[in-house]
Asker: 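Dumping the structure here so I can ask a few things about it.
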Amino acid sequence: MLKRRRATLKDVAESVGVHVSTVSRALNPETRHLITSDIVRKIAAASRALGYIPNTAAYSLRTTRTKIVGVVVPDITNSIFPPIIRGVEDALMEHGYATVLVNTDGGMEREAAMIEALAARGVDGLVIASVHRDDGRIRDLATQGTPVITVNRRMDDPTIPSVTSDEEDGVRRMLTHLAALGHKNICTIAGDQTISTGQRRHDAFMQIAPELGIEPDPANVVFASDFNESSGERCMEELLARGVEFTAVHCSNDRLAIGAISALRRRGLSCPADVSVTGFNDMPMVDRIDPPLTTIRIQQHKVGYVAAELLYEQMRELSSRPVPQHIVLPVDLVVRSSTAPPPAIASKTVRRTVKDRT
(Lines give C-alpha, C1' and ligand atoms only; values in the text may rest on other atoms or scores of the structure.)
Protein backbone atom coordinates (compact mmCIF):
# COMPACT_ATOMS: atom_id res chain seq x y z
CA MET A 1 0.00 0.00 0.00
CA LEU A 2 1.46 3.38 -1.04
CA LYS A 3 1.70 5.99 1.67
CA ARG A 4 0.02 9.28 0.93
CA ARG A 5 2.37 12.26 0.87
CA ARG A 6 1.82 14.68 3.75
CA ALA A 7 0.05 17.85 2.64
CA THR A 8 2.06 21.08 2.84
CA LEU A 9 1.32 24.79 3.09
CA LYS A 10 2.11 25.02 -0.63
CA ASP A 11 -0.57 22.41 -1.41
CA VAL A 12 -3.17 24.39 0.54
CA ALA A 13 -2.08 27.65 -1.12
CA GLU A 14 -2.37 26.15 -4.63
CA SER A 15 -5.78 24.69 -3.81
CA VAL A 16 -7.15 28.08 -2.78
CA GLY A 17 -5.12 30.16 -5.24
CA VAL A 18 -3.28 32.32 -2.70
CA HIS A 19 0.32 32.80 -1.62
CA VAL A 20 1.89 30.43 0.95
CA SER A 21 2.36 33.32 3.37
CA THR A 22 -1.39 34.01 3.24
CA VAL A 23 -2.11 30.42 4.24
CA SER A 24 0.41 30.66 7.07
CA ARG A 25 -1.21 33.83 8.43
CA ALA A 26 -4.74 32.45 8.09
CA LEU A 27 -3.90 29.30 10.05
CA ASN A 28 -2.12 31.20 12.83
CA PRO A 29 -4.56 32.52 15.48
CA GLU A 30 -2.19 35.39 16.20
CA THR A 31 -2.19 36.68 12.58
CA ARG A 32 -5.56 35.45 11.31
CA HIS A 33 -7.09 38.88 11.75
CA LEU A 34 -4.83 40.19 8.95
CA ILE A 35 -6.71 38.09 6.36
CA THR A 36 -10.31 38.57 5.21
CA SER A 37 -12.81 36.22 6.81
CA ASP A 38 -13.84 34.78 3.43
CA ILE A 39 -10.26 33.77 2.59
CA VAL A 40 -9.77 32.35 6.08
CA ARG A 41 -12.84 30.12 5.63
CA LYS A 42 -11.62 28.89 2.23
CA ILE A 43 -8.15 28.12 3.58
CA ALA A 44 -9.59 26.29 6.61
CA ALA A 45 -11.83 24.20 4.34
CA ALA A 46 -8.96 23.36 1.99
CA SER A 47 -6.74 22.42 4.95
CA ARG A 48 -9.35 19.99 6.23
CA ALA A 49 -9.95 18.52 2.79
CA LEU A 50 -6.23 17.96 2.19
CA GLY A 51 -5.61 16.70 5.73
CA TYR A 52 -3.02 19.39 6.34
CA ILE A 53 -1.35 19.23 9.78
CA PRO A 54 0.96 22.11 10.78
CA ASN A 55 4.58 21.11 11.30
CA THR A 56 5.17 22.28 14.85
CA ALA A 57 8.79 21.13 14.80
CA ALA A 58 9.51 23.42 11.86
CA TYR A 59 7.63 26.25 13.59
CA SER A 60 9.73 25.75 16.71
CA LEU A 61 12.99 25.89 14.76
CA ARG A 62 11.90 29.05 12.99
CA THR A 63 10.54 30.93 16.01
CA THR A 64 12.17 29.21 19.06
CA ARG A 65 8.62 28.61 20.33
CA THR A 66 6.86 25.28 20.71
CA LYS A 67 3.23 26.46 21.09
CA ILE A 68 3.05 24.18 24.13
CA VAL A 69 2.24 25.19 27.72
CA GLY A 70 2.94 23.07 30.78
CA VAL A 71 0.14 22.67 33.33
CA VAL A 72 1.22 21.52 36.80
CA VAL A 73 -1.38 20.21 39.30
CA PRO A 74 -0.86 18.76 42.79
CA ASP A 75 -3.34 15.88 42.52
CA ILE A 76 -5.12 14.90 39.31
CA THR A 77 -7.49 12.67 41.32
CA ASN A 78 -8.88 15.80 43.03
CA SER A 79 -12.01 16.59 41.03
CA ILE A 80 -11.60 20.34 41.42
CA PHE A 81 -8.72 20.35 38.93
CA PRO A 82 -10.29 18.91 35.72
CA PRO A 83 -12.59 21.96 35.29
CA ILE A 84 -9.62 24.27 35.93
CA ILE A 85 -7.51 22.37 33.39
CA ARG A 86 -10.38 22.52 30.90
CA GLY A 87 -10.51 26.28 31.32
CA VAL A 88 -6.79 26.53 30.63
CA GLU A 89 -7.09 24.34 27.52
CA ASP A 90 -10.12 26.20 26.17
CA ALA A 91 -8.35 29.54 26.39
CA LEU A 92 -5.04 28.36 24.95
CA MET A 93 -6.68 26.44 22.11
CA GLU A 94 -8.12 29.72 20.84
CA HIS A 95 -4.53 30.91 20.40
CA GLY A 96 -3.21 27.73 18.81
CA TYR A 97 -1.52 26.29 21.91
CA ALA A 98 -1.57 22.76 23.25
CA THR A 99 -1.00 21.73 26.87
CA VAL A 100 1.08 19.10 28.63
CA LEU A 101 -0.22 18.04 32.06
CA VAL A 102 1.96 16.82 34.93
CA ASN A 103 1.04 15.77 38.47
CA THR A 104 3.19 16.52 41.54
CA ASP A 105 1.40 14.47 44.23
CA GLY A 106 1.68 17.59 46.38
CA GLY A 107 5.44 17.21 46.83
CA MET A 108 7.84 20.09 46.22
CA GLU A 109 10.67 17.81 45.08
CA ARG A 110 8.45 16.11 42.51
CA GLU A 111 7.12 19.51 41.47
CA ALA A 112 10.67 20.75 40.85
CA ALA A 113 11.48 17.63 38.82
CA MET A 114 8.32 17.93 36.70
CA ILE A 115 8.88 21.63 36.04
CA GLU A 116 12.48 21.02 35.05
CA ALA A 117 11.32 18.30 32.65
CA LEU A 118 8.80 20.68 31.07
CA ALA A 119 11.37 23.47 30.80
CA ALA A 120 13.83 21.08 29.17
CA ARG A 121 11.23 20.29 26.53
CA GLY A 122 10.92 23.95 25.68
CA VAL A 123 7.40 24.79 26.85
CA ASP A 124 6.52 28.41 26.16
CA GLY A 125 5.01 28.97 29.59
CA LEU A 126 3.71 27.34 32.76
CA VAL A 127 0.34 27.34 34.55
CA ILE A 128 1.00 26.09 38.08
CA ALA A 129 -1.76 24.94 40.44
CA SER A 130 0.58 23.13 42.84
CA VAL A 131 2.56 26.12 44.09
CA HIS A 132 3.43 26.65 47.76
CA ARG A 133 3.58 30.10 49.35
CA ASP A 134 7.38 30.06 49.23
CA ASP A 135 8.61 28.30 46.09
CA GLY A 136 12.13 29.19 45.03
CA ARG A 137 12.04 27.14 41.84
CA ILE A 138 9.07 29.09 40.48
CA ARG A 139 10.70 32.37 41.43
CA ASP A 140 13.91 31.38 39.63
CA LEU A 141 12.04 30.43 36.45
CA ALA A 142 10.19 33.75 36.40
CA THR A 143 13.43 35.65 37.00
CA GLN A 144 15.02 33.80 34.08
CA GLY A 145 12.22 34.98 31.79
CA THR A 146 9.91 31.96 31.66
CA PRO A 147 6.26 33.11 31.55
CA VAL A 148 4.62 31.72 34.69
CA ILE A 149 1.25 32.11 36.37
CA THR A 150 -0.21 30.38 39.41
CA VAL A 151 -3.85 29.33 39.46
CA ASN A 152 -6.14 28.67 42.45
CA ARG A 153 -3.14 29.28 44.71
CA ARG A 154 -0.60 32.08 44.88
CA MET A 155 2.86 32.74 46.26
CA ASP A 156 3.74 35.28 48.93
CA ASP A 157 6.07 36.85 46.36
CA PRO A 158 3.89 39.53 44.69
CA THR A 159 5.96 39.47 41.49
CA ILE A 160 4.55 36.05 40.53
CA PRO A 161 1.14 36.65 38.87
CA SER A 162 -1.88 34.65 39.95
CA VAL A 163 -5.58 34.02 39.46
CA THR A 164 -7.37 32.96 42.63
CA SER A 165 -10.76 33.13 44.32
CA ASP A 166 -11.93 35.48 47.06
CA GLU A 167 -11.04 33.34 50.07
CA GLU A 168 -11.96 35.99 52.66
CA ASP A 169 -15.40 36.68 51.20
CA GLY A 170 -16.07 32.94 50.97
CA VAL A 171 -15.28 32.43 54.64
CA ARG A 172 -17.36 35.48 55.58
CA ARG A 173 -20.36 34.19 53.63
CA MET A 174 -20.11 30.76 55.24
CA LEU A 175 -19.68 31.99 58.80
CA THR A 176 -22.54 34.44 58.32
CA HIS A 177 -24.71 31.53 57.16
CA LEU A 178 -23.79 29.42 60.20
CA ALA A 179 -24.30 32.32 62.59
CA ALA A 180 -27.73 33.01 61.04
CA LEU A 181 -28.68 29.39 61.78
CA GLY A 182 -27.78 29.99 65.44
CA HIS A 183 -24.35 28.36 65.67
CA LYS A 184 -21.95 29.82 68.22
CA ASN A 185 -19.55 26.95 68.86
CA ILE A 186 -17.86 26.44 65.50
CA CYS A 187 -14.68 24.46 64.94
CA THR A 188 -12.51 24.74 61.88
CA ILE A 189 -10.46 22.16 60.01
CA ALA A 190 -7.81 24.36 58.43
CA GLY A 191 -5.67 23.46 55.43
CA ASP A 192 -1.90 23.23 55.06
CA GLN A 193 -0.50 26.62 56.11
CA THR A 194 2.36 26.42 53.57
CA ILE A 195 -0.30 26.73 50.84
CA SER A 196 -2.11 30.01 50.23
CA THR A 197 -5.62 28.54 50.23
CA GLY A 198 -5.04 26.91 53.61
CA GLN A 199 -3.40 29.98 55.15
CA ARG A 200 -5.82 32.59 53.76
CA ARG A 201 -8.97 30.67 54.65
CA HIS A 202 -7.69 30.05 58.18
CA ASP A 203 -6.67 33.68 58.67
CA ALA A 204 -10.06 34.80 57.39
CA PHE A 205 -11.83 32.48 59.86
CA MET A 206 -9.84 33.84 62.81
CA GLN A 207 -10.48 37.43 61.74
CA ILE A 208 -14.16 37.21 60.79
CA ALA A 209 -15.49 34.87 63.50
CA PRO A 210 -15.22 37.48 66.33
CA GLU A 211 -17.05 40.03 64.16
CA LEU A 212 -20.03 37.64 64.18
CA GLY A 213 -19.90 36.95 67.91
CA ILE A 214 -18.03 33.67 67.47
CA GLU A 215 -14.92 33.59 69.66
CA PRO A 216 -12.34 31.24 68.05
CA ASP A 217 -10.68 28.97 70.62
CA PRO A 218 -7.31 27.34 69.74
CA ALA A 219 -8.81 24.07 70.96
CA ASN A 220 -11.42 24.38 68.21
CA VAL A 221 -8.83 24.59 65.44
CA VAL A 222 -7.08 21.60 63.89
CA PHE A 223 -4.71 21.69 60.92
CA ALA A 224 -4.86 19.16 58.08
CA SER A 225 -1.62 17.93 56.54
CA ASP A 226 -3.32 17.29 53.19
CA PHE A 227 -6.46 18.50 51.41
CA ASN A 228 -8.09 15.07 51.23
CA GLU A 229 -10.72 12.89 52.87
CA SER A 230 -8.36 10.94 55.13
CA SER A 231 -7.03 14.18 56.60
CA GLY A 232 -10.60 15.33 57.16
CA GLU A 233 -11.37 12.14 59.05
CA ARG A 234 -8.22 12.42 61.16
CA CYS A 235 -8.92 16.05 62.02
CA MET A 236 -12.52 15.35 63.02
CA GLU A 237 -11.41 12.45 65.20
CA GLU A 238 -8.92 14.80 66.87
CA LEU A 239 -11.63 17.38 67.58
CA LEU A 240 -13.88 14.71 69.07
CA ALA A 241 -11.03 13.32 71.18
CA ARG A 242 -10.35 16.77 72.63
CA GLY A 243 -13.86 16.84 74.08
CA VAL A 244 -14.50 20.36 72.83
CA GLU A 245 -18.06 21.61 72.52
CA PHE A 246 -19.20 22.43 68.99
CA THR A 247 -22.26 22.28 66.77
CA ALA A 248 -20.65 23.10 63.41
CA VAL A 249 -17.36 22.48 61.61
CA HIS A 250 -16.02 24.82 58.95
CA CYS A 251 -13.68 22.91 56.60
CA SER A 252 -11.04 24.48 54.36
CA ASN A 253 -12.17 22.46 51.34
CA ASP A 254 -14.80 19.96 50.24
CA ARG A 255 -12.64 16.85 50.53
CA LEU A 256 -11.85 17.64 54.16
CA ALA A 257 -15.58 18.10 54.76
CA ILE A 258 -16.38 14.71 53.21
CA GLY A 259 -13.84 13.06 55.48
CA ALA A 260 -15.20 14.92 58.51
CA ILE A 261 -18.74 13.71 57.80
CA SER A 262 -17.45 10.12 57.50
CA ALA A 263 -15.77 10.38 60.91
CA LEU A 264 -18.95 11.73 62.49
CA ARG A 265 -21.00 8.92 61.00
CA ARG A 266 -18.51 6.34 62.29
CA ARG A 267 -19.02 7.77 65.80
CA GLY A 268 -22.78 7.49 65.47
CA LEU A 269 -23.27 11.22 64.97
CA SER A 270 -25.51 12.69 62.29
CA CYS A 271 -24.77 15.57 59.93
CA PRO A 272 -26.51 17.99 60.23
CA ALA A 273 -28.77 16.83 63.11
CA ASP A 274 -25.85 16.71 65.56
CA VAL A 275 -23.16 18.67 63.72
CA SER A 276 -23.33 20.92 60.64
CA VAL A 277 -20.36 20.61 58.26
CA THR A 278 -19.33 23.00 55.47
CA GLY A 279 -16.80 22.88 52.64
CA PHE A 280 -15.13 25.20 50.16
CA ASN A 281 -14.79 24.95 46.33
CA ASP A 282 -18.04 23.19 45.32
CA MET A 283 -16.14 20.50 43.47
CA PRO A 284 -18.12 18.21 41.14
CA MET A 285 -20.47 15.71 42.80
CA VAL A 286 -20.65 17.25 46.30
CA ASP A 287 -24.33 17.91 45.58
CA ARG A 288 -24.79 14.13 45.32
CA ILE A 289 -23.16 12.96 48.56
CA ASP A 290 -25.17 12.24 51.74
CA PRO A 291 -25.95 14.84 52.88
CA PRO A 292 -25.41 17.21 49.95
CA LEU A 293 -22.68 19.61 51.02
CA THR A 294 -23.13 23.27 51.88
CA THR A 295 -20.06 24.94 50.43
CA ILE A 296 -18.51 27.96 48.74
CA ARG A 297 -18.56 27.82 44.95
CA ILE A 298 -15.46 29.03 43.15
CA GLN A 299 -15.48 29.59 39.39
CA GLN A 300 -13.37 26.56 38.52
CA HIS A 301 -13.44 26.78 34.72
CA LYS A 302 -13.11 30.55 34.70
CA VAL A 303 -10.13 30.61 37.07
CA GLY A 304 -8.27 28.36 34.60
CA TYR A 305 -9.45 30.30 31.56
CA VAL A 306 -8.44 33.69 32.96
CA ALA A 307 -5.06 32.33 34.09
CA ALA A 308 -4.36 31.03 30.58
CA GLU A 309 -5.32 34.37 29.01
CA LEU A 310 -3.00 36.17 31.40
CA LEU A 311 -0.19 33.75 30.58
CA TYR A 312 -0.82 34.24 26.86
CA GLU A 313 -0.28 37.96 27.26
CA GLN A 314 3.04 37.22 28.97
CA MET A 315 4.08 34.85 26.20
CA ARG A 316 3.27 37.44 23.55
CA GLU A 317 5.37 39.97 25.46
CA LEU A 318 2.67 42.62 25.29
CA SER A 319 4.75 45.22 27.09
CA SER A 320 2.49 48.02 25.79
CA ARG A 321 -0.54 46.45 27.50
CA PRO A 322 -0.57 46.38 31.30
CA VAL A 323 -0.87 42.82 32.57
CA PRO A 324 -2.77 42.51 35.87
CA GLN A 325 -0.49 40.86 38.38
CA HIS A 326 -3.22 39.29 40.50
CA ILE A 327 -6.86 38.59 39.65
CA VAL A 328 -9.30 37.55 42.38
CA LEU A 329 -12.60 36.06 41.19
CA PRO A 330 -15.84 36.32 43.21
CA VAL A 331 -17.37 33.32 44.98
CA ASP A 332 -20.90 32.23 45.92
CA LEU A 333 -22.46 30.52 48.93
CA VAL A 334 -24.27 27.29 48.02
CA VAL A 335 -26.58 26.11 50.79
CA ARG A 336 -27.47 22.41 50.78
CA SER A 337 -28.40 19.85 53.42
CA SER A 338 -25.20 19.52 55.48
CA THR A 339 -26.09 22.60 57.56
CA ALA A 340 -29.06 23.15 59.87
CA PRO A 341 -29.85 25.00 63.11
CA PRO A 342 -27.96 23.58 66.11
CA PRO A 343 -29.62 21.06 68.44
CA ALA A 344 -31.76 22.43 71.27
CA ILE A 345 -29.03 21.95 73.88
CA ALA A 346 -26.25 23.05 71.55
CA SER A 347 -23.34 23.41 73.92
CA LYS A 348 -23.69 19.88 75.35
CA THR A 349 -24.88 17.82 72.40
CA VAL A 350 -21.60 16.70 70.84
CA ARG A 351 -19.78 16.05 74.11
CA ARG A 352 -22.68 14.06 75.60
CA THR A 353 -23.42 12.11 72.42
CA VAL A 354 -19.79 11.13 71.83
CA LYS A 355 -19.42 10.05 75.44
CA ASP A 356 -22.58 7.94 75.31
CA ARG A 357 -21.79 6.24 71.97
CA THR A 358 -18.08 5.40 72.34
Side-chain angles (χ1 to χ4, degrees), residues 171-172 174-195 197-280 286 289-296 336-358:
V171 173
R172 182 178 298 279
M174 188 58 75
L175 288 180
T176 300
H177 165 66
L178 291 173
L181 289 173
H183 293 279
K184 295 292 185 182
N185 298 319
I186 303 174
C187 290
T188 181
I189 297 179
D192 184 346
Q193 297 298 285
T194 68
I195 296 171
T197 48
Q199 176 251 333
R200 288 172 178 260
R201 293 171 190 176
H202 169 63
D203 287 357
F205 180 91
M206 301 302 287
Q207 174 188 336
I208 295 166
E211 298 175 10
L212 299 171
I214 303 163
E215 290 302 325
D217 185 334
N220 290 354
V221 180
V222 63
F223 294 94
S225 56
D226 298 289
F227 282 105
N228 58 30
E229 293 82 0
S230 60
S231 280
E233 289 190 52
R234 179 191 63 77
C235 289
M236 179 58 83
E237 289 288 355
E238 184 174 334
L239 287 172
L240 294 172
R242 291 177 184 178
V244 297
E245 300 174 356
F246 60 92
T247 60
V249 179
H250 173 273
C251 298
S252 191
N253 83 344
D254 295 337
R255 295 183 70 182
L256 290 172
I258 292 171
I261 292 171
S262 294
L264 287 172
R265 186 174 291 122
R266 188 164 56 246
R267 290 294 197 99
L269 293 167
S270 171
C271 172
D274 295 313
V275 181
S276 291
V277 178
T278 70
F280 204 113
V286 294
I289 66 172
D290 182 25
L293 187 65
T294 295
T295 186
I296 295 296
R336 298 192 180 103
S337 303
S338 69
T339 52
I345 311 176
S347 64
K348 300 297 182 182
T349 299
V350 171
R351 177 179 287 179
R352 188 185 67 242
T353 307
V354 172
K355 184 177 179 180
D356 293 346
R357 298 182 185 178
T358 57

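Quick note: residue numbers are just sequence positions, from 1.
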Asker: Checking H183 now: which residues fulfil ring-ring contact (aromatic ring centres under 6.0 Å, His included) with it, not counting sequence neighbours?
Answerer: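 Not a single residue meets the ring-ring contact (aromatic ring centres under 6.0 Å, His included) criterion with H183.
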Asker: Atom CD in E233, atom CD1 in I258: separation rounded to 0.5 Å?
Answerer: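 The distance works out to 10.5 Å.
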Asker: Nearest 0.5 Å, please: how far is SG in C187 from CD in E245?
Answerer: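 Those atoms lie 10.0 Å apart.
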Asker: The test is side chain to side chain contact (heavy atoms under 4.5 Å, CB included); show your working for V171 and F280 and say whether it passes.
Answerer: CA-CA 9 Å; V171 173; F280 204 113; 4.2 Å; yes
Asker: Within the side chain of Q199, is there an N or O that forms a donor-acceptor pair under 3.5 Å with the backbone of T194?
Answerer: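 A pair under 3.5 Å: no.
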Asker: Quick one: does any side-chain atom of S231 pair with a main-chain N or O of F227 as donor and acceptor, under 3.5 Å?
Answerer: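 Checking the backbone N and O of F227 against the side chain of S231, no donor-acceptor pair under 3.5 Å is found.
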Asker: For residues 212-222, tabulate all N or O donor-acceptor pairs below 3.5 Å that involve a side-chain atom, not counting sequence neighbours.
Answerer:
{"residue": "D217", "atom": "OD1", "partner": "A219", "partner atom": "N", "Å": "2.9"}

Asker: Going by ring-ring contact (aromatic ring centres under 6.0 Å, His included), name the residues that satisfy it together with F205, two or more places apart in sequence or in a different chain.
Answerer: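 Residues passing ring-ring contact (aromatic ring centres under 6.0 Å, His included) with F205: H250.
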Asker: Among pairs that include at least one residue of residues 250-262, which meet salt bridge (charged side-chain N to carboxylate O under 4.0 Å, His left out), considering only residues two or more places apart or in two chains?
Answerer: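 Every pair satisfying salt bridge (charged side-chain N to carboxylate O under 4.0 Å, His left out) with a residue in residues 250-262: D75-R255, E229-R255.
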Asker: How far does CZ of R201 sit from SG of C251, to the nearest 0.5 angstrom?
Answerer: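 Interatomic distance, R201 CZ to C251 SG, rounded to 0.5 Å: 11.5 Å.
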Asker: What's the shortest heavy-atom distance between C271 and P291, and which atoms?
Answerer: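 Scanning both residues completely, I find the closest heavy atoms to be O-CG, 3.5 Å.
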Asker: Give a yes or no on whether the backbone of V277 and the side-chain of S338 come within a donor-acceptor separation of less than 3.5 Å.
Answerer: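 Answer holds: yes.
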Asker: Give, for atom CD1 of I189 and atom CZ of R234, the distance between the pair rounded to the nearest 0.5 Å.
Answerer: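 Those atoms lie 9.0 Å apart.
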Asker: Is there a side-chain contact between P343 and T247 (heavy atoms, below 4.5 Å)?
Answerer: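 Heavy-atom side-chain distance check passes, below 4.5 Å.
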Asker: Looking only at heavy atoms, what is the nearest atom pair of G182 and P342, with distance?
Answerer: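 Taking G182 first and P342 second, the nearest heavy atoms are O-CG, 3.6 Å.
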Asker: Apply side chain to side chain contact (heavy atoms under 4.5 Å, CB included) to P292 and list each qualifying residue two or more places apart in sequence or on a separate chain.
Answerer: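 Checked P292 against side chain to side chain contact (heavy atoms under 4.5 Å, CB included); matches are R336, S337.
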Asker: Walk me through whether L264 and V249 qualify under side chain to side chain contact (heavy atoms under 4.5 Å, CB included).
Answerer: CA-CA 11 Å; L264 287 172; V249 179; 5.8 Å; no
Asker: Say whether Q207 and D203, considering side chains only, have a donor N or O and an acceptor N or O under 3.5 Å apart.
Answerer: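 The answer is no; no qualifying pair exists.
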Asker: Once side chain to side chain contact (heavy atoms under 4.5 Å, CB included) is applied, do any residues pair with T339, and if so which ones, sequence neighbours excluded?
Answerer: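 Once residues adjacent in sequence are excluded, the partners of T339 under the side chain to side chain contact (heavy atoms under 4.5 Å, CB included) criterion are H177, L178, L181, S276, T278, T294, V335.
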Asker: Please round to the nearest 0.5 Å and tell me the distance separating atom CD1 of I289 and atom CD1 of I261.
Answerer: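 Here the rounded value is 5.0 Å.
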